[in-house]
There are 2 protein chains.
Amino acid sequence: MAKKEGSFHHGDLEWALLEAASQLLEKEGPSGVGLRAAARLAGVSHNAPYRHFRNRESILAALAARGLDELGDRMAKAARGHEDARRALVAIAETYVSLAAERPHLFRLMFGQEVADKERYPAVREAGLRAYQVLVDTILEGQRSGAIRPGSPEELALGHWAIVHGVASLHVDGRMLEERARERGGAPGLARLVSEQIRLGLEPRRI
Amino acid sequence: MAKKEGSFHHGDLEWALLEAASQLLEKEGPSGVGLRAAARLAGVSHNAPYRHFRNRESILAALAARGLDELGDRMAKAARGHEDARRALVAIAETYVSLAAERPHLFRLMFGQEVADKERYPAVREAGLRAYQVLVDTILEGQRSGAIRPGSPEELALGHWAIVHGVASLHVDGRMLEERARERGGAPGLARLVSEQIRLGLEPRRI
DNA sequence: ACCTGAACACCGTTCAAGT
DNA sequence: ACCTGAACACCGTTCAAGT
């Protein structure tokens, strides 16, 4: 689109293909991401992508890695500039849920099974570990300052991530609950319900 | 396979196609579910399915409705025979998470976005409402016996479902966390971590 | 009603070839 | 290295036709 069609050099095509695939993902979902469709959007022959991606799964994995990279960046950014590490954790959770809500297809690709064995893609693996490390570091800092209780920071980070991921999944999968959720105030209302439930539990006469 | 090829009558083919599609879903994931592939498995021409399903999305919706039906049945079964309604809720939660863990592709289909506008498929909608109603009824019963605190049963059911769905999603999406989760005792260990986190929170010196 | 075969425009993937 | 065109076996979907 920028210059003559087909004039890609030093990795420009790979970038253009990923950009095209990203557009396809947001517009049509995972099933709309194809090597031929991406090539068409990028203005090259249907076969050019194979110079950069071994197969279809490999470009999906690249999108997932990109998404995890962005998640990690956002989490790191959200964690900065808080005196209280607990505040930082809340900010991290918010950015996590926001990304899931804004780009549900990407979120599904990052954590779903569209890419069968994600551990086989180093870029995906490393991007995931980087994001996870933001959590661990934040918890470590909180433990140093006394804001967070003692205990294995790995365990605390894992448990915290799990909870946040559960909440994010609710936003993305909320379609079945959506109808009622909307009556109760949409996603924020749902979040309030959940946290209230966790706080109060179901049993009566709490002290 | 049972009789002569192509000898289907009074809805047998629809059932056979759903069975085939179900096998394809478990074996190859949502992208493996195709009308042609299902027709091949059922031993009919590639075009016969269009007598029973308008398009590919429609057979996916039928699978989702089937899954929600089974979920509802299992939930209703799990809810029976408990004196304490809170016990019944735990049993419901266990069966929900079990179904998600046993058939992750089906679970994704039921709550994901593979079928774009699920509200447009009455079978999906009704099956979802039926499953939801099991929760509401159980909570109502618990409120009558005094086992569950007062409050809107719809809100309590929604909040409870949301939490359980979040936990189930963790099992299904746990691949990114899996590596560490395994070290910490797999899915049960993860569940323990999460409930501990919810119970203790992150702050130090709780009274 | 229910099934079939031919046809169309799409896929992913491989191969042989061009610069 | 990077890109292309032809080819193959698959798709979803439509049409005209058979019983």
Side-chain angles (χ1 to χ4, degrees), chain A residues 1-21 23-25 27-64 105 109 114-117 120-121, chain B residues 1-21 23-25 27-64 109 113-117 120-121:
Chain A
M1 234 182 183
K3 308 179 176 186
K4 300 168 192 170
E5 288 186 0
S7 71
F8 291 104
H9 307 292
H10 42 269
D12 275 345
L13 179 54
E14 180 172 347
W15 183 88
L17 287 169
L18 278 172
E19 210 59 29
Q23 277 179 238
L24 287 167
L25 179 65
K27 210 178 303 172
E28 314 183 35
S31 67
V33 179
L35 291 173
R36 288 177 101 116
R40 210 180 304 123
L41 269 182
V44 294
S45 91
H46 70 265
N47 219 325
Y50 284 88
R51 291 295 127 194
H52 300 277
F53 303 100
R54 214 183 328 170
N55 49 31
R56 180 176 177 270
E57 190 182 72
S58 149
I59 199 173
L60 288 173
L63 284 179
H105 289 304
L109 193 61
E114 203 83 20
V115 179
D117 48 351
R120 277 239 143 194
Y121 294 89
Chain B
M1 237 187 182
K3 308 179 176 185
K4 300 168 194 170
E5 288 184 1
S7 71
F8 290 103
H9 308 291
H10 44 270
D12 276 342
L13 179 54
E14 180 172 346
W15 183 87
L17 287 169
L18 279 173
E19 209 58 30
Q23 276 178 239
L24 287 167
L25 178 65
K27 210 180 300 173
E28 314 182 36
S31 67
V33 179
L35 290 173
R36 288 178 101 115
R40 210 180 304 124
L41 268 182
V44 294
S45 92
H46 70 266
N47 220 325
Y50 283 89
R51 290 295 128 193
H52 300 276
F53 303 99
R54 214 183 328 169
N55 49 30
R56 180 176 176 270
E57 191 183 71
S58 148
I59 198 173
L60 288 173
L63 285 178
L109 194 59
Q113 345 204 330
E114 204 84 22
V115 179
D117 46 352
R120 278 237 142 194
Y121 295 88

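Chain A is the first sequence line, chain B the second, and so forth, proteins listed ahead of strands; every chain is numbered from 1.
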Calculate, to the nearest 0.5 Å, the distance between atoms [atom1] and [atom2] belonging to [X] and [Y] respectively.
| X | Y | atom1 | atom2 | value |
| --- | --- | --- | --- | --- |
| B/L60 | B/L25 | CG | CG | 8.0 Å |
| B/N55 | B/L35 | CG | CG | 7.5 Å |
| B/H52 | B/D12 | NE2 | CG | 9.0 Å |
| A/R56 | A/E114 | CZ | CD | 6.5 Å |
| A/L63 | A/E19 | CG | CD | 9.5 Å |

**Message:** Under a 3.5 Å distance rule, please check whether B/Q113 uses its side chain to pair with a backbone N or O of A/H105 as donor and acceptor.
**Reply:**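 Flag not set: sc B/Q113 to bb A/H105 has no pair under 3.5 Å.
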**Asked** Hey, is the main chain of B/E14 close enough, under 3.5 Å, to the side chain of B/R51 for a donor-acceptor pair?
**Response**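 Looks like no, no N/O pair under 3.5 Å.
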Spacing between [X] atom [atom1] and [N] atom [atom2], to the nearest angstrom:
| X | N | atom1 | atom2 | result |
| --- | --- | --- | --- | --- |
| A/F53 | D/dC3 | CZ | C1' | 16 Å |
| A/L13 | D/dT4 | CG | C1' | 13 Å |
| B/H52 | C/dA1 | NE2 | C1' | 10 Å |
| B/E14 | C/dC2 | CD | P | 10 Å |

**Message:** With a cut-off of less than 4.0 Å, is there a side-chain N or O of A/Y50 near OP1 or OP2 of C/dT13?
**Reply:**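 The answer is yes; a side-chain N or O of A/Y50 sits under 4.0 Å from OP1 or OP2.
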**Item:** Exercise: identify the closest heavy-atom pair between B/L13 and B/A48
**Value:**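 It is CD2-CB, 4.1 Å.
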**Asked** Which pair of heavy atoms, one from A/A37 and one from A/G32, lies closest together, and at what distance?
**Response** CB-O, 4.4 Å
When you compare the protein's N or O atoms with those of nucleotides 16-19 of chain D, which come within less than 3.5 Å of each other, and at what distance?
none

**Request:** Would you mind reporting whether A/L24 and A/R40 have side-chain heavy atoms less than 4.5 Å apart?
**Result:** no
**Message:** Is any side-chain heavy atom of B/F53 closer than 4.5 Å to one of B/L18?
**Reply:** yes
Find every protein N or O atom lying less than 3.5 Å from an N or O atom of nucleotides 7-11 of chain D, and list the pairs.
unit_1: D/dC11; atom_1: OP1; unit_2: B/R40; atom_2: NH1; d: 3.4
unit_1: D/dC11; atom_1: OP1; unit_2: B/R40; atom_2: NH2; d: 2.8
unit_1: D/dC11; atom_1: OP2; unit_2: B/R40; atom_2: NH2; d: 2.4

**Intra- and interstrand pairs of DNA chain C - dot-bracket, Watson-Crick/G-U under 3.5 Å, | marks other strand** = ||.|||||...|||||.||
